[in-house]
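Here, residue 1 is the first one in the sequence, and each next residue gets the next number. These numbers come from the heavy atoms of this one structure, side chains and all, not from hydrogens, waters or symmetry mates.
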Amino acid sequence: MTVDSPDTRVTPWTLNGLVLPPDDTFPDGLTIAGRRRPVYVTEFAPLGRYRSVALVGDVSGLSGPEPARTLARSWVEPLRTAVETARTPYPGAAR
């Protein structure tokens with residue numbers, strides 16, 4: 001069984017979802033909260049290759065850390081659901 005590690009990260013300008021697929025296979029897009037979003041591949045030496053997806057394009061108007069944390073938490077489940085759905089094979093698909 002392959003287990004991904006989806007998480008959210010707030011930067012000064014966006015809210016991103018991060019996924020670290022242990023087998024380095026992952027689709028090039030995810031449907032999150034009803035919207036198809038591109039998945040980007042990035043490599044960072046301590047982490048290796050990981051995937052990122054933009055969840056909220058502009059967080060610069062948030063008033064501080066607590067609203068940013070609340071917003072990030074609100075995206076965790078939709079991101080996890082999208083990752084799980086993307087990683088579940090279709091019925092009859094080869095594993």
Side-chain angles (χ1 to χ4, degrees):
M1 180 173 149
T2 303
V3 179
D4 296 292
S5 303
D7 199 4
T8 56
R9 292 289 179 244
V10 178
T11 65
W13 50 93
T14 63
L15 171 64
N16 292 301
L18 302 180
V19 181
L20 292 91
D23 59 0
D24 201 36
T25 59
F26 203 76
D28 61 359
L30 287 176
T31 300
I32 304 171
R35 186 171 143 215
R36 186 79 174 160
R37 298 164 192 272
V39 173
Y40 303 98
V41 180
T42 307
E43 189 155 346
F44 182 60
L47 293 177
R49 287 168 54 96
Y50 65 93
R51 308 308 191 271
S52 66
V53 59
L55 301 172
V56 178
D58 182 11
V59 296
S60 62
L62 295 174
S63 61
E66 193 52 42
R69 284 190 287 272
T70 299
L71 179 63
R73 284 187 209 110
S74 76
W75 280 94
V76 170
E77 262 327 293
L79 176 62
R80 285 187 183 148
T81 299
V83 168
E84 183 177 309
T85 300
R87 297 289 270 178
T88 303
Y90 295 104
R95 288 184 175 230

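Contact annotation: the side chain of Ile32 approaches that of Trp75 to within less than 4.5 Å [non-hydrogen atoms, C-beta and beyond]. Between Leu62 and Leu71, the closest side-chain pair of non-hydrogen atoms falls below 4.5 Å. Contact annotation: the side chain of Val53 never approaches that of Val19 to less than 4.5 Å [non-hydrogen atoms, C-beta and beyond]. Residues Leu18 and Arg51 fail the side-chain proximity criterion, which asks for heavy atoms closer than 4.5 Å.
One finds the CZ atom of Arg36 at 6.5 Å from the CG atom of Asp28 (value rounded to the nearest 0.5 Å). Here the CG atom belonging to Asp58 is positioned 9.0 Å from the OG1 atom belonging to Thr14, to the nearest 0.5 angstrom.
Formation of a donor-acceptor pair under 3.5 Å by the Arg49 side chain with backbone atoms of Asp24 is not found in this model.
Hydrophobic clustering (ILVMFWY, side-chain heavy atoms < 4.5 Å, transitive): Phe44 and Leu20 are in one cluster.
Here the closest non-hydrogen pair linking Leu30 and Ala86 is CD2-CB, 3.5 Å. The heavy-atom pair separating Arg87 from Pro22 by the smallest distance is NH2-CD, 4.4 Å.
Every residue meeting the salt bridge (Lys or Arg N to Asp or Glu O under 4.0 Å) condition with Glu66, not counting sequence neighbours, appears here in chain and number order: Arg69, Arg73.
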